[in-house]
Amino acid sequence: MIEAASARGPHVAAPRLVLGLLLATTAAIASAALMGLAGWFIVKSAQTGLSTTSRFSWLYPSAGVEALAVIRTSARYGERLSTHRSTLELLARVRTRLFASATRLPLAKLRSLRSGDLLDRVQADVDTLDRYVLAVAVPAVVCTVVGAGSLTVLTLVRPFFGAAAGGLLVLALAVNLTLDRGTRRLGSQLALDRSEARSRLVEAIEGRAELAGYGARELAYGELRDRFAALDVPARRLSVRNSNGQAVMTVAAGLAVAAILAVGAGGTRPLDSAVLAFAALLALALFDAAKAIGSIGQEVGRAGAARQRLREVAGLARGAGRDVESTGQHEPAPVAEVVVRQLSAGYGTGPVLELAHLDIAGGSLVVLSGPSGAGKSTLLLLLAGEQPAMTGEVRVGGVDPSTLSYEQRSDYLTLIEADSGVLNGTVEDNLRLARPAATGAELDDALEVAVLSGFVERSTPVGPGGSFLSGGQRRRLALAQAYLRRPRLLLLDEPTEGLDEAIAVQVLSNLRAALPGTTIVAAVHARNAGDVIADADQVIQLADGHVVGDRVS
């Protein structure tokens with residue numbers, strides 16, 4: 001359903017949203033007309049009852065009241081149905097694009113987003129965007145149309161009525177704007193604080209076992225309680241500001257009605273009581289419609305804060321100094337040879353990897369060996385294009401991977417990190433993320449290659465974060481996904497971690513046999529190298545960011 005909304009959103013949601021605005025305006029106009037007509041009808045009926053000569057017929061006014069009531073109810077129902085549906089479709093499209101954007105972020109940027117923070121952006125912040133439509137756009141349009149129409153009618157009844165109601169309305173809106181000073185900033189800050197509190201709550205829930213193990217549950221509970229309690233202060237301030245704004249609008253409405261009644265009933269040309277009732281109630285309807293825009297400031301602040309947080313994720317990898325749009329470069333050659341020259345790479349504080357010369361033949365199995373901190377993972381990130389070099393050059397198939405877009409890189413390379421995530425669902429669900437159109441036979445083949453057959457089935461549930469699988473099974477599931485992608489360059493960070501040596505050797509051997517044209521570069525900790533090195537075409541030993549050994553079989 002989300003995919004359908006994503007595909008149809010731009011073509012269907014926008015016209016439906018326009019229809020919703022028209023229906024909301026129709027409902028508001030019908031409501032204002034109903035108040036005026038009902039007031040006129042009641043007074044006119046009372047006058048007829050007191051008169052012995054009046055020939056007033058209640059048939060047409062009563063039919064008008066009933067028609068306006070039906071129109072108001074039907075339009076309001078249609079408006080709710082149309083605007084909410086179109087808004088939900090647009091938000092579904094935003095959510096799918098946001099998820100896609102998050103997958104395209106540089107790994108360093110993605111890691112900087114805590115799980116709770118990212119979840120809050122995908123869910124709560126996207127949901128907050130509906131305020132732009134439901135609490136800003138719709139009330140603004142309705143107030144403008146109803147205000148213009150009501151003031152026009154009041155002016156036609158008597159120019160003073162339009163002038164008095166319009167002047168008091170402008171004064172009330174000006175006072176509201178004065179009261180609104182700082183509300184947008186306060187609403188924005190409240191939205192950010194709520195997001196931070198929700199993120200901490202998600203992290204506490206995810207880490208409840210660790211908190212219990214360290215006896216820190218009460219400490220975490222106290223922190224969460226204080227965070228959420230602190231949200232009450234700005235929330236109360238916003239509530240008081242809204243109440244004050246509503247009070248100002250109510251006082252202005254009362255003054256407008258009093259002025260209309262005083263002028264209309266007195267003077268040398270007093271109005272008919274029924275017409276006067278019509279004008280007074282129409283003025284009330286005018287100010288009632290204006291009340292809806294009293295909280296626009298804080299709604300804009302909340303939605304603006306959510307939009308800014310979403311842009312940090314949907315800024316599609318302008319992080320790391322590059323855009324995801326196509327650079328116009330040619331795709332790499334079919335065989336992914338790797339050439340590194342005078343390379344210096346790091347994370348801003350200085351180089352952690354310095355390589356003067358390194359060549360990797362296409363279609364070979366290469367093992368990067370060395371202790372933790374030797375620079376193995378950094379080299380893989382450089383080859384994957386996830387991190388640009390500080391100096392020097394990296395070429396994969398003749399092209400610098402960091403200059404390619406996400407789509408271009410994903411066409412030919414796959415990087416399996418040491419902590420590759422697993423999504424809740426079944427084994428098959430996760431495999432189909434790598435190749436949605438894969439046949440059952442292809443999925444079974446992937447399980448065979450990853451040495452998972454006999455351990456799990458395609459229908460085996462993996463649990464949240466792969467909690468139903470062992471660490472080694474999660475690692476092999478990621479390798480099965482990599483096999484299904486058929487990359488020309490396969491980068492593996494600690495693929496043997498959590499596996500016994502026999503299975504580790506078998507998995508890499510299976511991958512090499514199943515992907516004969518693929519260049520496989522596997523970073524293996526020195527303590528887990530074992531027989532894996534014996535089967536490699538090239539073994540590159542790293543220590544302290546330098547190559548200390550390079551053996552080619």
Side-chain angles (χ1 to χ4, degrees), residues 22-76 79 139-173 246-294:
L22 292 175
L23 289 173
T25 304
T26 301
I29 293 174
S31 180
L34 179 61
M35 284 189 68
L37 180 59
W40 178 88
F41 184 37
I42 291 171
V43 175
K44 198 68 177 178
S45 298
Q47 290 175 337
T48 301
L50 295 174
S51 174
T52 58
T53 60
S54 176
R55 294 184 177 181
F56 172 72
S57 174
W58 54 266
L59 182 62
Y60 294 110
S62 63
V65 169
E66 292 178 358
L68 288 172
V70 171
I71 291 173
R72 181 184 67 173
T73 303
S74 301
R76 188 162 292 169
E79 178 264 326
V141 171
V142 168
C143 180
T144 301
V145 174
V146 173
S150 299
L151 290 175
T152 300
V153 173
L154 288 172
T155 301
L156 291 175
V157 174
R158 183 164 285 185
F160 173 78
F161 293 172
L168 287 169
L169 179 61
V170 170
L171 179 61
L173 290 176
Q246 295 288 319
V248 169
M249 201 65 69
T250 301
V251 170
L255 292 175
V257 171
I260 289 173
L261 292 176
V263 174
T268 58
R269 293 186 303 122
L271 282 176
D272 180 78
S273 298
V275 176
L276 191 57
F278 168 81
L281 290 177
L282 184 61
L284 283 178
L286 165 64
F287 282 90
D288 185 65
K291 285 181 180 180
I293 66 174

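- In plain terms, the two heavy atoms of Val141 and Thr25 that are nearest each other are CG1-OG1, 3.8 Å.
- Atom SG of Cys143 sits about 6.5 Å away from atom CG of Leu173, to the nearest 0.5 Å.
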Carefully, step by step, assess Phe161 and Thr155 under the rule side chain to side chain contact (heavy atoms under 4.5 Å, CB included).
-> CA-CA 6 Å; Phe161 293 172; Thr155 301; over 6 Å; no
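- Between Ala252 and Ala172, the closest heavy-atom pair is CB-CB, 3.8 Å.
- A donor-acceptor pair is defined here as one N or O able to donate and one able to accept, closer than 3.5 Å; such a pair exists between the side chain of Ser62 and the backbone of Leu59.
- Phe278 pairs in a side chain to side chain contact (heavy atoms under 4.5 Å, CB included) with only one of the listed residues (Val153, Leu154, Val43), which is Val153.
- The two residues Leu286 and Ala165 have their closest heavy-atom pair at CD2-CB, 4.1 Å.
- For Lys44 and Ser273, the side-chain atoms include no donor-acceptor pair closer than 3.5 Å.
- In terms of heavy-atom proximity, Leu34 sits nearest to Ala69 at CD2-CA, 4.1 Å.
- Side-chain contact between Leu168 and Phe287 is present, with at least one heavy-atom pair separated by less than 4.5 Å.
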Step by step, work out the side chain to side chain contact (heavy atoms under 4.5 Å, CB included) result for Leu255 and Val251.
-> CA-CA 6 Å; Leu255 292 175; Val251 170; 4.2 Å; yes
Can you list the steps and then say if Leu169 with Met249 is a side chain to side chain contact (heavy atoms under 4.5 Å, CB included)?
-> CA-CA 8 Å; Leu169 179 61; Met249 201 65 69; 4.2 Å; yes
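- With contacts defined as side-chain heavy-atom distances shorter than 4.5 Å, the pair Met35/Leu282 does not qualify.
- The shortest non-hydrogen separation linking Ile260 to Ala283 is CD1-CB, 3.7 Å.
- With a 4.5 Å cut-off on side-chain heavy atoms, Leu271 and Val157 count as touching.
- To the nearest 0.5 Å, the span separating CG on Leu68 from OG on Ser31 amounts to 9.5 Å.
- Trp40 CH2 to Asp272 CG: the interatomic distance, rounded to the nearest 0.5 Å, is 9.0 Å.
- When all heavy atoms are compared, the tightest approach of Ala28 to Val146 is CB-CG2, 3.4 Å.
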Using the side chain to side chain contact (heavy atoms under 4.5 Å, CB included) rule, take Glu79 and Leu22 through it: C-alpha gap first, then chi angles, then the decisive distance, then the call.
-> CA-CA 8 Å; Glu79 178 264 326; Leu22 292 175; over 6 Å; no
